[in-house]
Student: 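Below you'll find the structure I mean.
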Amino acid sequence: MAQNGQPGPFLALDAQVADLQHTFQVPLKSGKKEPMQAGPGSGDPSLTVWWTAGREVGPVRLERLGVGYRDERVLLVVDASVSAGGLELVARGAGVEVGLKTPSAPVFHLDGLGMGLKRPPVTVAAEFVREDLSGYTLAVGGTAVVGLPDLSVTAVGFYAQPKASAQPSLFLFGVLDLEQKSVGPPMFRVQALAAGFGYHSVVRTPQISEVGSFPFLRMLDGQPPTDPLKVLGDLLHGEGEKPPWVSPSGGGVWLAAGLRAKVYELVDVSAVALVEFGDDFVVGLYGRAQAQFPKEASSPWARLAVDVRAEYRRSVDTLELDAVVADGSFILDSKCRLRGGLAVRLWFGDSAHPGDFVVTVGGYHPRFERPGHYPQVEEVGFDWHITSDVYARGGCYSALTPHAFMAGLNASLHGEWGPAKAEASVYADALIQWDPLYFDVDWGGKIRGSIFGVGGEMSADGRVWGPPVGGSARFKVLGISVDIKFGCHRVSGAERLLSAQEFRARLLPGGSDGTAGDGKVVHLAPLEGLLPARTDGPGAVWSAGRGTFRFTAGTAIPATSVTVNTADAGSAGKDRLRIRPVEGTRSDAPGYTSCLAVTLTRQDDNGKAVKVPVNDAGVDRNESWTAVARQARVPAALWSTAAQDPDSAALVDGYATGVTVTSPVQEQSAGTLFPDTAWQVKTFDLKVTGEPAPCRFATSAKAVEFTVIGQDITAPTTTTRRAAIFADLAALRIPGLVLPPHSGLSDFAENGSDYLDAVPQLVEGTV
């Protein structure tokens, strides 16, 4: 618009002081109106129209003006900056919010602050932006980059004040770039270090497919972000439909540390470790390792990048380890792409599948029925477009489960040249069950060719199993096939039974001579209240403190019953133990009884061992010990006679694998800390010599005095009385009291002058 002959939009400001009034008019640069846009912040409902000003008044620069609307309030805001001596301060969206219902009570508004400093050799760039989060009166996020000649620091942070709580939510994560400092030896040169923490916040940990995009890890990649606010936005708002990486959460606390290093100047490693406390306990490690061969070649013949994720989460009581070959990995030729993954899962006692585990590299046997909780990984292999006409592919896998081990490989080559086609392929898949050994191997291969639709094929495939060993094979040439069978006939679930001694020697922990090693089949471990031991080795004695003492007794042989001092520690669930390597899959197998029995005794006043009460409700809680059986799922390949499909994993429950024993509740009081006998009073007459001993004695006088002392303390009567005192103290059995050896003080009697500079005050007394 135009007003008073002034073309284009302008800013008018009326100022009045006393009776003086003046109107200031500032024309806006080119009169350009920017499109209406949403304001900053997450979920900000405001709409703002901006006009570019581009005016400078001394050190102050007015960048643009804006008018907006949000939550029934009109926004009048500006973007402005102040520069002086290399320092620049920027205010973004600074102004007021005027309520339509309460125009007389405007509210200050600020979208963000920025700071820049260019004073070589130091440069600083910082940005702080307002975030609109529901339930928070204030939410501010920021980034900062500080540069020095040999190092730089990049940091992101966030602060939010909830409406309903006095405890703020905040986090900070920073990276110190040390690449120019060359910290460490060539075998492991540290290039960057990172650290961070969060308070009343929680981190969404990445899955293996998200490791490469994890913002904390991306900040370690060696290049400062071109837009630090983009990193902050990824942390607070997530990407697409995915939730934010960091979110406010009451009670959540986390710590993070990371590094980027170069190993032997060949392998680049970046990793971030994270520990979270709060509603859940999480320990994780996330990283990437990559290498190129040769290192600085413009056309390398190999490049490998691997993403790794290791995480334990207490809420599911499961340890997870994953690794995948990242995009861009190749060997021999950039067109020969590598692929594949690795996964490890360990399910502990409080998980949905306690006792189960799996280790897989590249997948599973084709006939293996993968349980739903087992991870699915890509086959390890390569895809190589050698030319536009020739394509090669290969892969392999291996997996370990409680039931079996499996492995396999395959490779194929395909070519097509106009009307001519040719292909060749081979494969092998092996499944191996535990002792008693049983294996099943499939193999095969074929060659096929054609030209103008006319061709032929040669193939061979077969299967080998055992023991007893047998197999079959089929050979086919130009439509003519020959079948061959050899060895023993294959029986589903074929197995060779072991004797009890063979089973003990081969499948139980211990020696190969058929006897289980000490502390292997049955083992003890302290859990709580243990004091530092004074002895080592097999005869070591546990020393327990005054508080609660707890230990566990475990067994490698599942138990059908658990007793402690004949008291039942909890039903195991099964009344018979099945041992498949010994009994096979017979439906009428009798099974075995397996009892884990623990005996607890104490010494009475006469030194005799007597059993302590266990799980006895009729005994005072300060006297009765408690024992609870520990149950876990065990491999069906060992402890079940039910016929199992060799192509599946199986676990059975209903057995106990140990017991946890806890001492009685100890009351902290003088009456229990010191027995009544400790308070018996013994009197004696004491007579002090009239003259106090001098601080220093002449050598001859000192020698005489110590001679007298030595004779007195080693006199038979004195020695007997001192030994009686030691015996009385030992009989009191005061908890925590450890008496030194009763030496008789003979060394002090002979060399008393070496211990003291002055003779102690002499006394005369009768006990």
Side-chain angles (χ1 to χ4, degrees), residues 312 314 316-319 345-357 402-403 434 500 503-504 506-511 515-530 533 538 540-544 547-582 591-602 611-616 624-640 650-664:
Y312 170 78
R314 183 65 186 87
V316 295
D317 205 14
T318 303
L319 175 64
R345 295 291 186 274
L346 299 176
W347 287 273
F348 302 110
D350 293 333
S351 67
H353 311 280
D356 200 1
F357 73 89
H403 185 65
W434 307 131
F503 172 75
R504 185 180 182 89
R506 297 184 186 184
L507 298 179
L508 294 183
T515 60
D518 293 339
K520 301 280 183 75
V521 173
V522 178
H523 57 275
L524 299 175
L527 299 177
E528 181 182 353
L530 186 68
V541 177
W542 289 350
S543 298
T548 299
F549 174 66
R550 191 160 55 97
F551 71 93
T552 180
T555 172
I557 303 175
T560 56
S561 64
V562 179
T563 61
V564 180
N565 286 1
T566 69
D568 185 9
S571 174
K574 290 184 180 296
D575 58 354
R576 305 295 287 178
L577 175 65
R578 312 292 179 171
I579 306 178
R580 181 171 178 175
V582 176
Y592 301 85
T593 58
S594 173
C595 177
L596 174 62
V598 180
T599 302
L600 290 176
T601 62
R602 66 173 180 84
K611 293 183 178 181
V612 301
V614 177
N615 293 350
D616 192 343
S624 179
W625 291 62
T626 59
V628 180
R630 184 177 69 251
Q631 297 190 17
R633 306 180 75 191
V634 296
L638 289 178
W639 312 110
S640 174
L651 296 171
V652 294
D653 53 18
Y655 293 116
T657 58
V659 62
T660 300
V661 183
T662 307
S663 68

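Position 1 is the first residue of the sequence, and the numbers go up from there. No experiment lies behind these values; they were computed from the predicted model shown.
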Student: Only counting residues at least two apart or in another chain, list the ones meeting ring-ring contact (aromatic ring centres under 6.0 Å, His included) with W625.
Tutor: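 By the ring-ring contact (aromatic ring centres under 6.0 Å, His included) rule, W625 matches no residue at all.
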
Student: Apply side-chain contact (heavy atoms from CB on, under 4.5 Å) to the pair I579 and W639, showing each step before the final yes or no.
Tutor: CA-CA 5 Å; I579 306 178; W639 312 110; 3.9 Å; yes

Student: To the nearest 0.5 Å, how far apart are CG in L346 and CZ in F357?
Tutor: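 CZ of F357 is found 8.0 Å from CG of L346.
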
Student: Table please: side-chain donor-acceptor pairs of residues 550-559 below 3.5 Å, with sequence neighbours left out.
Tutor:
unit_1	atom_1	unit_2	atom_2	d
R550	NE	E528	OE1	3.3
T552	OG1	R630	NH1	2.7
T552	OG1	V659	O	3.2
T555	OG1	I557	N	3.1
T555	OG1	I557	O	3.0

Student: What do the steps show when you test R576 against T593 for side-chain contact (heavy atoms from CB on, under 4.5 Å), and what is the final call?
Tutor: CA-CA 5 Å; R576 305 295 287 178; T593 58; 2.9 Å; yes

Student: Does S663 form a side-chain contact (heavy atoms from CB on, under 4.5 Å) with T548? I'd like the steps, not just the answer.
Tutor: CA-CA 6 Å; S663 68; T548 299; 4.0 Å; yes

Student: Could you pull out the closest heavy-atom pair between D350 and D317, with the gap in Å?
Tutor: N-OD2, 2.8 Å

Student: Excluding sequence neighbours, so at least two apart, what forms side-chain contact (heavy atoms from CB on, under 4.5 Å) with T560?
Tutor: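 Here the qualifying residues are L577, S594, Y655.
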
Student: Looking at every heavy atom in both D568 and N615, which two are closest together, and how far apart are they?
Tutor: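 Shortest heavy-atom separation between D568 and N615 comes out as O-ND2, 3.4 Å.
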
Student: Please report the C-alpha distance between R578 and V652 in whole Å, then the side-chain angles of each, then the deciding distance to 0.1 Å, and finally whether the side-chain contact (heavy atoms from CB on, under 4.5 Å) criterion is met.
Tutor: CA-CA 11 Å; R578 312 292 179 171; V652 294; over 6 Å; no

Student: Short question: side chain of S624, backbone of D616 - any donor-acceptor pair under 3.5 Å?
Tutor: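 Looks like yes, one N/O pair under 3.5 Å.
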
Student: Are the side chains of N565 and T599 in contact, using a 4.5 Å heavy-atom criterion?
Tutor: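 Yes; the side chains approach each other to less than 4.5 Å.
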
